[in-house]
Structures are given as structure tokens and as C-alpha cells.
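Chain A is the first sequence line, chain B the second, and so forth, proteins listed ahead of strands; every chain is numbered from 1.
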Number of protein chains: 2
Amino acid sequence: MDVRPDDLSDAPPTRAGRARPRGRGYASGDARRTRILNIALQEFAENGYRGTSLARIAERAELTQAGLLHHFRSKQELLVAVLDLRDRMDMAHLDLAELPLGGAAVLAKFTELAGHNQAIPGLVQLFTVLTGEAVTTDHPAHGWARDRYALLRASVAASLEAGVASGELRADVDPTAVAAQVFAMMDGLQLQWLLDPEHVDMAALFGDYVEHLLRRIRA
Amino acid sequence: MDVRPDDLSDAPPTRAGRARPRGRGYASGDARRTRILNIALQEFAENGYRGTSLARIAERAELTQAGLLHHFRSKQELLVAVLDLRDRMDMAHLDLAELPLGGAAVLAKFTELAGHNQAIPGLVQLFTVLTGEAVTTDHPAHGWARDRYALLRASVAASLEAGVASGELRADVDPTAVAAQVFAMMDGLQLQWLLDPEHVDMAALFGDYVEHLLRRIRA
DNA sequence: GTCTATAAGTTGATAGAC
DNA sequence: GTCTATCAACTTATAGAC
């Protein structure tokens, strides 16, 4: 009993039947949660929030839709959990905490990020699709998207500000403006790249932009 | 008979009851179609394709959902009609046909467009939301979005090319790259602006970008 | 050209057994 | 923690009367 039909790719659940002793140190529940989260992330990336159904996620995670809703009480709660997960992964990768780095260093970091992103279209698509959807005021991710950009802009602006203060960057650069433009360029190129990867070399175009930008704002 | 409940904003349909003579020159059907298209455009902009229902559009157009499907045989056909409508309106406004204009002139035109767009958030949102959704490969607007960018890039690249040929622009500019970057900046700023209009001055930021870009690529 | 009626399916969420 | 069963609502689309 308790065997699911055909197994699907993702890491199978830690399901050891009833033989497993009931000690408290075993995080099987968390493993399940993590698995659901990863699948949900893929589905939201592939079809957006509105285009994704709980049934589909549940099927891929090899449990029923009701079982899924035991771990996340609503679809919206699941979305929030996915966004939180991604944000934490991203922050770790970007080391935004250890900013400000001074002007040139932050920008170099983003160039590097653009290159890295070209290898993970799925994750890039998650942000592009969800952020696009989230423009709608009543979308559950609206606040998340708005706050995320505000934070990113502020963070990069602070770095540029430090660069100006240290004399590395020209005194007449507008840190907030440049920060907004850097993210705009990144997102816009991601969009064109996702739509037409063969004709748009995201990393090269972004690198080129940053190179000229640096030439302009460096002291 | 044939009276609808409470009237909703948009131009009322040309519904003159049965007294109307049945001559062939009367475009009442077209007026209805146009009204539906305008409402559908608003709804798609507000909620995306997946988030919009035919019933809602029909209600606002003051007919039934089945009545709506007499004019457009499917939801997808309606979407295509909306996109075509917008494309035609846009082409008219941008005069892409009368390009190439030479480098500086095209870019000035886009700066102007950014300013104009700030007055029509609804239409900007239509593109942003639908293009984001359309990143998904199986989305009905996927091909439209990809082809639209390809066309826009080619068109602007041709203008820049002409600018290079005439000696107005430096010989070392990469027209295709610059074209992609200009649209990326435009779209990225639109996204941030739609999410947070109070903190992002789209037109100013885009104008600033173009200004510096011109300084760099002008001969 | 518009309607009513309905098909046929999906959705997110809940109740309660085990 | 997971299941079955079920709900009420909503979806797009079609058939056929007027």
C-alpha cells in the first residue's frame, strides 16, 4: 500500500512507511515541505501564479491536493513561501548584506550575476513572470515586488553613494537614478532574452552597458 | 424589452431597437466590436490574459458571454484582436514606417514616447503584464511578444545604422546592441514605475539614459 | 445578433476518516 | 500527515430558439 504511480524526476519523499521510529529529531516533514517548495517554484516560473494549479504541484510532489494544503494552507501562502525562499537564496548569492562595496565593485558583481543567470533560465523566468503579473494592484505578490525593488535600489544606491564619498566615482552621479537604471537594464534584457534567447545575449549586452556606465561615472 | 440593468461608463452600444431599417451601410456590429475590444484591452491590462474572464468583459459590454463569443469565437481570438489593435495604434504613434530617421532623431522620439506613456499607465500596463505572461512558451501571446521585439530592435537598429552611415554617429557603435538596450531600459523602467509610481520617474530616468547614450555614440 | 440553457471541465478549499 | 469525498464557484465553449 501507499505506492504512487509513476515516479517523476524530483527527489523522492522520505517515505519509509510505518516502520520508522517516532523520534523527534527527524525532519521528514521539512523534507516534504522543501520538495513541494521546489516544485512550486518551477511551476510558478513556468506558468505564473494564476496559470498554476495546486493539483498540478501536488501531482508532481506525489501527494494529493488536500495533502499539499496541509503543508501550506492556501495557494497564496505557498506563493509567499516560494518568494521568501528565492529571496533568501538570492541574498546569499549577492551578499547584499556585506555591501556597500564602493561603486565599481557592486557593478562588477551585477555583471557577474548576469552571466550566472544565463545558466539558470528557470529562476530568471520566475522573477520575470511573477513580477509582470504582480504589476496588477490586487496580485498577491504586488507588495513583494514593489518592496523588493525598493530594497534593491536603496542597496545599490548606498554602494554608489559610498563610491562617491570615497572619491572613486564622480561627484555629479545620481546614485538613486543609476541604481534604478541598472535594474531596469537587467530586467529588460532578461525579458528579451527569455523571449528570444538565440537573438539576445543578455550577459554580453549587460556587460557592455555596465562598462560604458563605469567609464562615465568613474572619477 | 431589451433594456440592460445599470449602465457602465463606456460608450453605450448603438442599440436602436427593432425600429432601425435594415440597410446594409450601417456599422452597428462594428461599433459593438470596437466597444468589446476597448473593454477587453482594459481588462487584459488590469488582470492579464489568464486573470481575465469573458464573462467579466461581456458584463461590462452589456451583453452575455455567449453574445460576446459571437463577435470573437474564442478568448484567444479576442486577445489577438486586442494586440493587433494596440500594435496598429502604436505604429501610428511611432511612425516606425517612416524610419529610419538617423540616430539622434529616433532616440529623441523614444524619449518623447516615455513622457507620453507616463500619462497612460493603463496601456503601458497592458504591454508589461502581457509580455511578462507571454514569456511562458505556451502562452497565446508568446509569438506576438517575440516577434514584436524582433521588429522593434530591427527597426531602431536600422535607424542607428543609417546614423553611422551618414557620419552622425561614431563608426564603432553596435546598432543591434544599442537597440536592444534602449528597449530593455524602457521596459525595465516601465516595470519599476508601474510598481511604484511615486518613487520612480520613468520619463526622467529614460531621458537621462538617452542623453548619456547620445553623448557616447555621437560622432 | 443576441439570448437562454447547458455542457464539461477546472479551480481552491474544507470536513472528517484513518 | 495523508487520504477520500465533496463543495461551491468559476471557466470556456456550444446548441439552438428567437
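Judged by distance alone, the side chain of A:Arg32 and the main-chain N or O of A:Ala61 form a donor-acceptor pair under 3.5 Å. Panel note: side chain A:Gln192, backbone B:Ala180; a donor-acceptor pair is recorded below 3.5 Å. Judged by distance alone, with hydrogens and angles left aside, the side-chain atoms of A:Ser155 form no donor-acceptor pair with the main-chain N or O of A:Leu151 at under 3.5 Å. Within the 3.5 Å criterion, the main-chain N or O of A:Asn47 finds a donor-acceptor partner in the side chain of B:Arg50.
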Donor-acceptor contacts, no H, no angles, side chain residues 204-211 of chain A, under 3.5 Å, sequence neighbours left out:
from, atom 1, to, atom 2, distance (Å)
A:Asp208, OD1, A:His212, NE2, 3.3
A:Asp208, OD2, B:Gln181, NE2, 3.0
A:Glu211, OE2, A:Arg215, NH2, 2.6

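Between the NE2 atom in B:His139 and the CD atom in A:Glu46 there is a gap of 12.5 Å [rounded to 0.5 Å]. Rounded to the nearest 0.5 angstrom, A:Asn117 CG and A:Leu189 CG are separated by 11.5 Å.
Applying a 4.0 Å cut-off to non-hydrogen atoms, the residues of residues 44-55 of chain A that approach DNA chain C are A:Thr52, A:Ser53, A:Leu54, listed by residue number.
Side-chain contact check for B:Val156 versus B:Val178: every heavy-atom pair is 4.5 Å or farther apart. The closest side-chain heavy-atom distance from B:Leu194 to B:Val129 is not below 4.5 Å. A heavy-atom distance below 4.5 Å is not found between the side chains of B:Met186 and B:Val182. A:Val82 places a side-chain heavy atom less than 4.5 Å from the side chain of A:Leu37.
At C:dG1, one or more side-chain N or O atoms of B:His70 fall inside 4.0 Å of OP1 or OP2 (strictly under the cut-off). Between A:Thr64 and the phosphate of D:dC3, there is a side-chain N or O to OP1/OP2 separation shorter than 4.0 Å. Residue B:Arg32 places at least one side-chain N or O under 4.0 Å from the OP1 or OP2 atom of C:dT2.
Between B:Leu69 atom CG and D:dT11 atom P there is a gap of 13 Å when expressed in whole angstrom units. Atoms NZ (B:Lys75) and C1' (C:dT10) sit 13 Å apart, rounded to a whole Å. D:dT2 atom C1' lies 15 Å from atom CZ of A:Phe72, rounded to whole Å. As a whole-Å value, the separation of A:Leu68 CG from C:dT11 P is 13 Å. Distance CZ (B:Arg35) to P (C:dG1): 17 Å, rounded to an integer number of Å. One atom, CG of A:Asp30, and another, C1' of D:dG1, lie 13 Å apart when rounded to the nearest Å. Going from atom CD of B:Glu62 over to atom C1' of C:dG1 covers 16 Å, rounded to whole Å. When rounded to the nearest whole Å, the span between CG of A:Leu79 and P of C:dA13 equals 12 Å.
With D:dT2, C:dG1, D:dC3 as the choices, the nucleotide that has an atom nearest any side-chain atom of B:His71 turns out to be C:dG1.
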Can you tabulate the close N/O pairs, meaning under 3.5 Å, that link protein atoms to atoms of nucleotides 6-9 of chain D?
none

Can you name the atoms? Protein N/O to nucleotides 15-18 of chain D N/O, anything below 3.5 Å, with the distance.
none

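Classified by interplanar angle (parallel below 30°, tilted 30° to 60°, perpendicular above 60°), the ring pair A:Trp144/A:Phe127 is parallel.
Direction of the helix axis in the helix from C:dG1-D:dC18 to C:dC18-D:dG1 shifts by 0° between the two five-pair termini, rounded to 10°.
Taking every heavy atom of both residues into account, B:Leu68 and B:Leu54 meet most closely at CD1-O, 3.6 Å.
Applying the ring-ring contact (aromatic ring centres under 6.0 Å, His included) test to pairs two or more places apart or on separate chains, none has a residue in residues 184-205 of chain A.
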